[in-house]
There are 2 protein chains.
Amino acid sequence: MKQNQKYQYEYERPALVTDCVIFGFDEGELKLLLIEREKEPFKNKWALPGGFVFMNETTEECAKRILMEKAGVKNVFIEQLFTFSDLDRDPRERIISVAYFALVDKKQYEVIAGRDTLNAEWFEISKLPKLAFDHNKIVKAAFQRLKGKVSYQPIGFELLDEKFTLTQLQALYEAILEEPIDKRNFRKKILGMGFLKALEEKEKNVAHKAARFYSFDKKAYKELTQKGIHFEL
Amino acid sequence: MKQNQKYQYEYERPALVTDCVIFGFDEGELKLLLIEREKEPFKNKWALPGGFVFMNETTEECAKRILMEKAGVKNVFIEQLFTFSDLDRDPRERIISVAYFALVDKKQYEVIAGRDTLNAEWFEISKLPKLAFDHNKIVKAAFQRLKGKVSYQPIGFELLDEKFTLTQLQALYEAILEEPIDKRNFRKKILGMGFLKALEEKEKNVAHKAARFYSFDKKAYKELTQKGIHFEL
DNA sequence: TATCTTAGTGTTAATTTTACACTATAAAAA
DNA sequence: TTTTTATAGTGTAAAATTAACACTAAGATA
């Protein structure tokens, strides 16, 4: 705190952490990766992975570090959500949390995740337990943000495998928007956008007509946005 | 920092401030209220009003306090914008800023503002000087947010007098969206929403046909949103 | 009383959205 | 090998929304 004196402020400083809401998608369900707390307060309760912001990192770098250290997740989409600063959000002392949310391809994550020492588990978003701190509130805000954003930014793809079928994509949108979508209209619209690349490959070993795989064509999307064309589902 | 030891973290803490982007609207132009810095760094440069977050207030309460103390603005719409945490955003030391933006009825503000000791001035958003710190970046983010939000949330009214004409409202939307809007289509749409109350009163002392005043009917708007009806311009 | 300036108003064509049902194909079961 | 089961994949028509567009009304001033 010494430096403070330089400009005459001598305030006590709140502690600063980041907490991460990690979304995954699996079996038609939107899921959340939670960590079991090992210490008080809220020992053995489920919580968002989080940790203190160091002096030599931005909050976003901190969130990425936490994601890796506590959840074994790396190289994923993350976005700042909101800063939560209620006075009593932590029973120990004043702690302000800059919350982030991450979208991960759950399948890929499971490969990496073995290394984990912490107890981490996926929960269906609709069946969350009561979480530590104000984390239920943070999750709610994150879900709302995801819901609001998915229709005009191509962030849904971050939750799917690189190759996906249109049925999977539709199921994802239905899970996030919490409402059914007409199959034909959905396909017409999303293919009409022009940023889905149809692959040759099809599903294998399915007990019905095999669906074609598609991938998200980042280059095509970028070109569209540069032309001022924005997608809207 | 003593409490930290309780749970074994002994980190230095970044300082935490809030900065406020204050929007106003006047003469068909979107404007920003800036404060001239009295001290180094950036002495005599224009900056967003900001200040340290105290231990006994949330960041939102802090923003409201700053708004009052530094800009004489109170009881206005404010919303959290983003938390800026670049390592070098302040040359003195590590300072993280939780930015807010406020929408004020400029006319009403000017009545209150006389009391000011700080040098505060309104700038056209399109003619901003180079600001202190990373404040140009913050302003840019705020304007983008306002632009994105104004079409599906009735926040524009916060920038107008309680009574306003449809022409004023349209000019506001045009200033925020930075594109011309068709008069007839605009009126049809906005009146069709059902949350504008036509008043009896009309303009006075104008050298042309006097325009009718309208006001934003909060109650009607609330009822609509509760029915799940959301407006979209 | 003419002029200037902005308020206020409706219709039509184009586009977008919605609603809706059957055939194709692969594996599994009979 | 044939039948069954399950999901993939496809088009059209009606309805709703959006976009484009120009003149009359009213109040103040010259």
Side-chain angles (χ1 to χ4, degrees), chain A residues 25-29 150-152 160-161 163-175 177-215 224 227-233, chain B residues 25-29 150-152 160-161 163-175 177-215 224 227-233:
Chain A
F25 179 69
D26 196 17
E27 295 161 358
E29 274 282 350
V150 80
S151 299
Y152 67 91
L160 295 174
D161 214 347
K163 300 166 189 173
F164 50 85
T165 68
L166 294 183
T167 301
Q168 285 164 1
L169 187 60
Q170 181 178 342
L172 171 64
Y173 273 89
E174 288 175 329
L177 297 174
E178 296 183 293
E179 60 185 26
I181 302 175
D182 178 89
K183 181 161 66 157
R184 281 181 283 190
N185 293 338
F186 176 77
R187 286 168 179 238
K188 225 182 307 170
K189 189 102 186 216
I190 202 98
L191 288 175
M193 304 288 167
F195 53 65
L196 288 189
K197 192 159 53 188
L199 307 178
E200 288 309 312
E201 196 179 346
K202 294 188 178 184
E203 285 181 315
K204 276 172 192 149
N205 303 317
V206 286
H208 54 77
K209 179 168 175 181
R212 173 181 294 278
F213 283 118
Y214 289 80
S215 69
L224 289 173
K227 281 182 206 157
I229 300 171
H230 290 274
F231 107 87
E232 169 119 36
L233 195 76
Chain B
F25 180 70
D26 197 16
E27 296 162 355
E29 272 283 351
V150 79
S151 299
Y152 66 92
L160 296 175
D161 214 347
K163 300 165 188 171
F164 49 84
T165 68
L166 294 183
T167 300
Q168 285 164 0
L169 187 60
Q170 181 179 340
L172 172 63
Y173 272 89
E174 288 176 329
L177 297 174
E178 295 183 296
E179 60 185 27
I181 302 175
D182 179 90
K183 181 161 66 156
R184 282 182 282 193
N185 292 337
F186 176 77
R187 286 166 180 242
K188 225 181 308 169
K189 188 102 188 215
I190 202 97
L191 288 175
M193 303 288 166
F195 53 66
L196 287 190
K197 193 159 55 189
L199 306 178
E200 287 310 312
E201 198 180 344
K202 294 189 176 181
E203 284 181 316
K204 275 171 194 153
N205 303 317
V206 286
H208 53 78
K209 179 170 176 181
R212 174 181 293 279
F213 283 118
Y214 289 80
S215 69
L224 290 172
K227 282 183 204 155
I229 300 170
H230 290 274
F231 106 86
E232 170 120 35
L233 194 77

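In what follows, every chain begins at residue 1, and chains take the letters A, B, ... in the order their sequences are listed. Keep in mind that this is a model prediction, so the values were computed, not measured.
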For this session: Would you kindly compare A:Asn185 and A:Ala211 by the position of their nearest DNA chain D nucleotide and give the one closer to the 5′ end?
Result: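 Comparing both residues, the 5'-ward one is A:Ala211.
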
Problem set entry | Pairwise 5' ranking along DNA chain D for A:Ala207 and B:Glu232, keeping only the more 5' one |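 This one resolves to A:Ala207.
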
Please report, rounded to the nearest Å, how far the [atom2] atom of [N] is from the [atom1] atom of [X].
| X | N | atom1 | atom2 | value |
| --- | --- | --- | --- | --- |
| A:Leu166 | D:dT7 | CG | P | 16 Å |
| A:Phe213 | D:dT7 | CZ | P | 16 Å |
| A:Leu191 | D:dG11 | CG | P | 12 Å |
| B:Lys188 | D:dC21 | NZ | C1' | 10 Å |
| A:Gln168 | D:dG9 | CD | P | 11 Å |
| A:Ile190 | D:dT10 | CD1 | C1' | 17 Å |
| B:Leu233 | D:dT18 | CG | C1' | 12 Å |

Exercise. So what does A:Arg212 touch, heavy atoms closer than 4.0 Å: a base, only the sugar-phosphate, or nothing?
Worked result: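 Since only primed, P, OP1 and OP2 atoms lie under 4.0 Å of A:Arg212, the category is sugar-phosphate.
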
Exercise. Hey, which of A:Lys183, A:Lys189, A:Arg187, A:Lys188 is the one that makes side-chain hydrogen bond (donor to acceptor under 3.5 Å, both in side chains) with A:Asn185?
Worked result: A:Lys188

Exercise. Any side-chain N or O of B:Lys189 less than 4.0 Å from the OP1 or OP2 oxygen of D:dT18?
Worked result: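 For D:dT18, OP1 or OP2 has a side-chain N or O of B:Lys189 closer than 4.0 Å.
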
Exercise. Quick one: is D:dT7 close enough that its OP1 or OP2 comes under 4.0 Å of any side-chain N or O from A:Thr167?
Worked result: no

Exercise. Can you pull the contact range of chain B along DNA chain C, 5' to 3', using atoms under 4.0 angstrom from its heavy atoms?
Worked result: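 So the outermost contacting nucleotides come out as C:dT5 to C:dT11.
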
To the closest 0.5 Å, what do you measure between [atom1] ([X]) and [atom2] ([Y])?
| X | Y | atom1 | atom2 | result |
| --- | --- | --- | --- | --- |
| B:Ser215 | B:Leu160 | OG | CG | 11.5 Å |
| A:Leu166 | A:Leu172 | CG | CG | 12.0 Å |
| A:Met193 | A:Ile229 | CE | CD1 | 11.0 Å |
| A:Tyr173 | A:Phe186 | OH | CZ | 6.0 Å |
| A:Asp161 | A:Phe25 | CG | CZ | 12.5 Å |

For this session: Report the end-to-end axis angle of the helix from C:dT1-D:dA30 to C:dA30-D:dT1; each axis comes from five terminal pairs, and the value is rounded to 10°.
Result: 10°

Problem set entry | Exercise: identify the closest heavy-atom pair between A:Ala175 and A:Gly28 |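 Nearest pair, atom of A:Ala175 first, then A:Gly28: CB-O, 4.0 Å.
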
Seminar exercise, completed: Note: B:Leu177 and B:Ser151 closest approach over all heavy atoms is CD2-OG, 3.8 Å

Exercise. Hey, are the side chains of B:Asp182 and B:Gln170 touching, using non-hydrogen atoms and a 4.5 Å cut-off?
Worked result: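 No - every pair of side-chain heavy atoms lies 4.5 Å or more apart.
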
Exercise. Starting at the 5' end of DNA chain C, which residue's closest nucleotide do you reach first, A:Asn205 or B:Glu203?
Worked result: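 Here B:Glu203 is the residue nearer the 5' end.
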
For this session: Could you point out which residue of B:Arg212, B:Glu203, B:Lys202 forms a side chain to side chain contact (heavy atoms under 4.5 Å, CB included) with B:Thr165?
Result: B:Glu203

Problem set entry | Chi angles and distances behind the side-chain contact (heavy atoms from CB on, under 4.5 Å) call for A:Tyr214, A:Leu169 | CA-CA 10 Å; A:Tyr214 289 80; A:Leu169 187 60; over 6 Å; no

What are the atom names and distances for every N/O pair under 3.5 Å that joins the protein to nucleotides 22-25 of chain D?
residue	atom	partner	partner atom	Å
D:dA22	N1	B:Arg184	NH1	3.2

